[in-house]
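Okay, structure first, notes after.
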2 protein chains.
Amino acid sequence: MPALAHHAPAAELADRLTRAEAACAQRGARLTDIRRTVLELILQAGEPIGAYALLDRLKDKSGQGKPPTVYRALDFLLAQGLIHRVERLNAFVGCHEEADHPHPVQFLICGECGNVAEFEDQAIGTAVATIASRSGFVVKRSIVEVEGVCAECATLAAG
Amino acid sequence: MPALAHHAPAAELADRLTRAEAACAQRGARLTDIRRTVLELILQAGEPIGAYALLDRLKDKSGQGKPPTVYRALDFLLAQGLIHRVERLNAFVGCHEEADHPHPVQFLICGECGNVAEFEDQAIGTAVATIASRSGFVVKRSIVEVEGVCAECATLAAG
DNA sequence: CGGGCGGGCGTTACGTTATAGCGTATCTGT
DNA sequence: ACAGATACGCTATAACGTAACGCCCGCCCG
């Protein structure tokens, strides 16, 4: 059981959903029932969750769904910046920021407890931009995923 | 057809294989026929290649092989630092360096031509280390994969 | 020499992740 | 109401990856 996995308080969850709705409305994007439910499931999970785990939960909730159902919802949520994909885990997490601005995504992935912390470090973004421009490379998206052991798990192991 | 994909000259390929053999011998690691062939196929490809594409080529060459055959060889080559895995593509590339020292791996991935350039930027490594230590996170491996358009493809598109 | 051990490999079977393609329904703007 | 675009249901299949078992062979030690 992941030590850091904590389900957000219900109030915070509701708040994040409300803000997601607002953000979508503002852009004319349609946060349908399925999409909203998938987002809710991801936020509830509190840790990275795979597409098929989401599918199972979706079926529990609404009795319906096939793989494309989930993948289409995920595509939408990714495009809206409401969630991120963790490449290393083939899994998805809610974006910790408000989705108002696109931002580079950087993760610390704990191999012990499975938790993922999102961070945003300017220096990394700058360094990537420098390297890219030096070779004429046009950056579309940059993936930074650091695997290791989080402070809590390291302490547990040591203590 | 990827614009940048170029098969290395045969002489260079042979040279890299020879050095791989030497590196393995030095460490007491056994570069068996299968492992050597898989490495050779990866180097020949000149661009990222998936496990099942490797399997097909392996079967063409030797008439044998199942998925575990390839995955076991890949595990070995990864452990020896002779190849890298590109998470974003679920594919593998030869390591451009001599495998004498482990090193953080950073890629520029062109979405147009499919080519991948490996680079090693000290600033990124430093920034990651800083972030990690600040939160007590112990880094085991760091993945940096930048998606975009390489200079050649950008020029083509513009011209 | 021969017995035990470990690594490498073959094989079967299965689990997991992701997408193609097509038809239907629903929503939106005019 | 109509036309076009978007969303969704469904079947099927592609693509990626691993568990588990047994055999064979080389090596080391007695």
Side-chain angles (χ1 to χ4, degrees), chain A residues 20-21 24-39 41-42 45 47-59 61-80 82-93 111 114 143 145, chain B residues 20-21 24-25 27-39 41-42 45 47-59 61-80 82-93 111 114 143 145 147:
Chain A
E21 272 169 7
C24 288
Q26 194 173 0
R27 293 170 224 169
R30 292 161 57 190
L31 187 62
T32 62
D33 280 355
I34 290 177
R35 291 166 177 176
R36 188 191 148 99
T37 302
V38 169
L39 175 57
L41 290 171
I42 291 170
E47 62 181 318
I49 181 171
Y52 280 71
L54 282 169
L55 179 55
D56 288 343
R57 298 188 189 186
L58 189 61
K59 282 192 278 203
K61 264 206 164 185
S62 65
Q64 65 180 331
K66 298 283 154 82
T69 311
V70 163
Y71 280 101
R72 287 194 284 232
L74 290 170
D75 286 345
F76 172 86
L77 296 170
L78 287 167
Q80 295 302 316
L82 297 169
I83 64 172
H84 298 301
R85 178 185 168 87
V86 185
E87 298 292 339
R88 186 61 183 82
L89 305 177
N90 295 332
F92 302 85
V93 294
I143 300 166
E145 298 182 4
Chain B
E21 272 168 8
C24 288
R27 293 171 224 167
R30 291 163 57 188
L31 187 62
T32 62
D33 280 355
I34 291 177
R35 292 167 176 175
R36 188 192 150 99
T37 302
V38 170
L39 175 57
L41 290 171
I42 291 171
E47 62 182 319
I49 181 170
Y52 280 70
L54 281 170
L55 180 54
D56 288 343
R57 297 187 189 186
L58 189 60
K59 282 194 277 203
K61 264 206 163 184
S62 65
Q64 65 180 330
K66 298 283 157 80
T69 310
V70 162
Y71 280 102
R72 288 194 283 232
L74 290 170
D75 286 346
F76 172 85
L77 297 170
L78 287 168
Q80 296 302 317
L82 296 169
I83 64 173
H84 298 303
R85 178 184 169 87
V86 184
E87 299 292 340
R88 185 63 184 80
L89 305 177
N90 295 332
F92 303 85
V93 294
I143 299 166
E145 298 183 3
E147 293 179 62

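Throughout, protein chains are lettered first and strands after them, A, B, ... in sequence-line order, and every chain is numbered starting at 1.
- Across its full length, the helix from C:dC1-D:dG30 to C:dT30-D:dA1 shows an angle of 30° between the axes of its 5 terminal pairs at either end, rounded to 10 degrees.
- Counted by atom type alone, A:Q80 and A:R27 present one or more donor-acceptor pairs between their side chains at under 3.5 Å.
- Side-chain contact between A:R85 and A:V93 is absent, with no heavy-atom pair separated by less than 4.5 Å.
- For the pair B:Q64/B:T69, no side-chain contact is recorded, criterion being any heavy-atom separation below 4.5 Å from C-beta on.
- Counting only distance, with no hydrogens or angles, the side chain of A:R35 and the backbone of A:R30 share a donor-acceptor pair below 3.5 Å.
- The minimum heavy-atom distance between A:K61 and A:T37, with the atom names listed, is CD-CG2, 3.8 Å.
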Do any N or O atoms of the protein come closer than 3.5 Å to N or O atoms of nucleotides 10-19 of chain D, and which pairs are they?
residue, atom, partner, partner atom, Å
D:dT11, OP2, A:K66, NZ, 3.1
D:dG17, OP1, B:R85, NH1, 2.9
D:dG17, OP1, B:R85, NH2, 2.3
D:dG17, OP2, B:Y71, OH, 3.0
D:dG17, O5', B:Y71, OH, 3.4
D:dG17, N7, B:Y52, OH, 2.4
D:dG17, O6, B:Y52, OH, 3.3

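- Rounded to an integer number of Å, the gap from A:L31 CG to D:dT6 C1' is 15 Å.
- C:dG8 atom C1' lies 14 Å from atom CD of B:Q80, rounded to whole Å.
- Panel note: side chain A:E145, backbone A:E87; a donor-acceptor pair is recorded below 3.5 Å.
- Partner of A:I83 under the side chain to side chain contact (heavy atoms under 4.5 Å, CB included) criterion, chosen from A:L77, A:V38, A:I49: A:L77.
- In terms of modelled atom types and a separation under 3.5 Å, the side chain of A:R57 and the main chain of A:A45 share no donor-acceptor contact.
- Atom CG of B:L74 and atom C1' of C:dC9 are 15 Å apart (whole Å).
- Listed here is the closest heavy atom pair of A:P48 and A:G114: CD-O, 3.6 Å.
- Within the 4.5 Å cutoff, side-chain heavy atoms of B:L31 are placed close to those of B:F76.
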Reading nucleotides 22-29 of chain D from the 5' end, what letters show protein touch, with B for base, S for backbone sugar-phosphate only, - for no heavy atom under 4.0 Å?
-> --------
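- Here D:dT6 presents its P atom at 12 Å from CZ of A:F76, a figure rounded to the nearest Å.
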